[in-house]
Amino acid sequence: MGRIKQMNEALSNMIAAGEVVENMASVVKELVENSLDADSRNISIRLLDAGLKEIRVDDDGIGIDAEDLPLAFKRHATSKIASEHDLYRIASLGFRGEALPSIASVADVTIVSSTGKGEGRKLSVRHGEIVVDEPSASKRGTRVIVKDVFYNTPARLKHLKSEQKELADIVLTVNRLAIANAEVAFDLSHNKRELLSTSGDGDLRKIHYNVYGADVAKRLVPFEAENAYFRVEGLIAKPPIHRSSRKHVTMVANNRIIESPRLRQALIDGCKGYFPIQRHPIALVRITVDATLVDVNIHPRKLHVKFTEEAMLATLIERSVQAALSQEDLVRDVRKTPQRQETPPALDLSGYDTPPQEGHTLEETPEVPVRDRTSPTRGKRLPRLEYVGQAMGTYLLFQNEEGLYLMDQHA
Ligand code: ADP
Ligand code: MG
């Protein structure tokens, strides 16, 4: 009898932390999302030892009122929703009021913040106790410093991947946040070395250049579509650029980065035939939808959301990607310009790991030495070939009286 007890706050925060603070990247994500919710224009993230030693996030957002600051550390305390009604039309990234108390239950946290009106305030919580509480400068914005994450949860600490992998996860997270928020300037550094810097001028090509480099930036194809419920717009890097990981498909719904296997599949279906099997494009899909048609409150880390009419959205994504890529279709290009039918169009192969030698485009070398040892024409040069098109994003198709030829662009 009498064995059920109400947990104390420290314990319940640690349990919440198990869901919210999975790894270093999730800590960074929660802090940056808070900065974004505060309408920041500049967000700087500085890491020491992959964030394990220290994560420091500075922003120039609206700041926290000095008298509110202690509340920011309290569970279920949020400035973002006030009623049940708000829950059905969430426009902010956060709303659960769990991130800061969860992080503070497994790390030492300092917040320095000011709304820019009058003095700011600095609070440090160490081992769950307030150890510093003092006035701070009045410059508008917030600085959050998180030190020694998981110092009190050795099992969790042991579960972290290598420092290198944790850092890679953080970089991927920040890259995606920067791509999803092109109008915000991001700055990421690790042990004082700069890893990413974006200008915040809203130029998506530029951000892809910052994140993925020139080859990707110049091969981006835009797509867009709209119906009564959704607006979809995005960019996809056309073949032959592709990745083994799906993580370079960034899906954003009303500014929130989401994970959606179903919608990602719709994108993949839309580019069927353009990319080799098991390879994934680099792409950004932005979905705009009325907040009442999407439920963001179905996942503790707010990664998954539920759309009303999701099937319709999937079709919209698939078709718009398909339409955009078909405009780039080499076969169609050739048909539109009959004088080029005899020779293939010049190919930009700059996306390869080892780019072809300067000036060596297929257009200049209509005669290709035969490599296939089983071919009856071994040792000879190929006869003149008519270029037909491209398949699987990799093979060039040629034909002549003798038959059809497949040429692997990677070879
Ligand atoms: P949530 O984001 O779900 O509201 P958090 O625990 O992440 O919960 O943050 C608690 C509150 O602290 C927020 O609602 C917000 O009012 C305030 N806050 C946190 N970080 C910032 C920031 N960088 N700028 C302004 N306010 C912040
Ligand atoms: Mg938050």
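When a ligand or atom number is given, it counts from 1 through the structure's own listing order. This structure is a prediction, so every number in the text was calculated from the model and none was measured.
- Under a 4.0 Å N-O distance rule, the pair Glu328/Lys238 qualifies as a salt bridge.
- When the shell of 6.0 Å around NZ of Lys80 is examined, it contains more than 12 heavy atoms from other residues, nucleotides or ligands.
- Each of the following atoms of ligand 1 lies closer than 4.0 Å to a heavy atom of Lys80: 1 (P), 2 (O), 4 (O), 13 (C), 14 (O).
- Atom 6 (O) of ligand 1 has Leu100 N, 2.9 Å as its closest protein atom, hydrogens excluded (heavy atom only).
- Under the side chain to side chain contact (heavy atoms under 4.5 Å, CB included) test applied with Val171, the options Leu188, Leu47, Val28, Val211 reduce to a single match, Leu188.
- Proximity to Pro101 (heavy-atom distance under 4.0 Å) selects the following atoms of ligand 1: 6 (O).
- Under a 4.0 Å heavy-atom criterion, Glu30 is not in contact with ligand 1.
- Taking a 6.0 Å sphere around CD of Glu134, one finds it holds more than 12 heavy atoms contributed by other residues, nucleotides or ligands.
- Residues His127 and Tyr151 place their aromatic rings such that the two centres sit under 6.0 Å apart.
- Residue Glu84 qualifies as open at atom CD: its count of foreign heavy atoms under 6.0 Å is 12 or below.
- Distances below 4.0 Å separate heavy atoms of Gly63 from the following atoms of ligand 1: 25 (C).
- Using a cut-off of 2.8 Å, one finds that Thr78 contributes no N/O/S atom close to the Mg ion (ligand 2).
- Looking at Asp201 and Lys206, a side-chain N of the basic residue comes within less than 4.0 Å of a carboxylate O on the acidic one, giving a salt bridge.
- If you number the atoms of ligand 1 from 1 as listed, the ones under 4.0 Å from a heavy atom of Thr78 come out as 1 (P), 4 (O), 14 (O).
- With respect to atom 15 (C) of ligand 1, the closest heavy atom belonging to the protein is Ser79 OG, 3.5 Å.
- Of all the heavy atoms of Asp59, the ones lying under 4.0 Å from any atom of ligand 1 belong exclusively to the side chain.
- Between the choices Ala77, Gly61, Gly97, the shortest heavy-atom distance to atom 11 (C) of ligand 1 belongs to Ala77.
- Between His248 and Tyr212, the ring center distance clears the sub-6.0 Å criterion.
- Close approach of ligand 1 to Gly94 is summarised as follows: ligand atoms under 4.0 Å from at least one heavy atom of the residue are 2 (O), 3 (O).
- Using a 3.5 Å distance cut-off with no hydrogens or angles, the side chains of Arg286 and Asn255 do pair a donor with an acceptor.
- Distance check, rounded to the nearest 0.5 Å: CZ of Arg46 to CZ of Arg56 gives 5.5 Å.
- Proximity of Thr142 to ligand 1, defined as any heavy-atom pair under 4.0 Å, is confined to the side chain (atoms from C-beta onward).
- Distance from atom 12 (O) of ligand 1 to its nearest protein heavy atom, with residue and atom name: Ala72 CB, 3.6 Å.
- Taking every heavy atom of Ala38 and a limit of under 4.0 angstrom, the matching atoms of ligand 1 come to 24 (N), 25 (C).
- For atom 27 (C) of ligand 1, the nearest non-hydrogen atom from the set Asp60, Asn34, Ile64 comes from Ile64.
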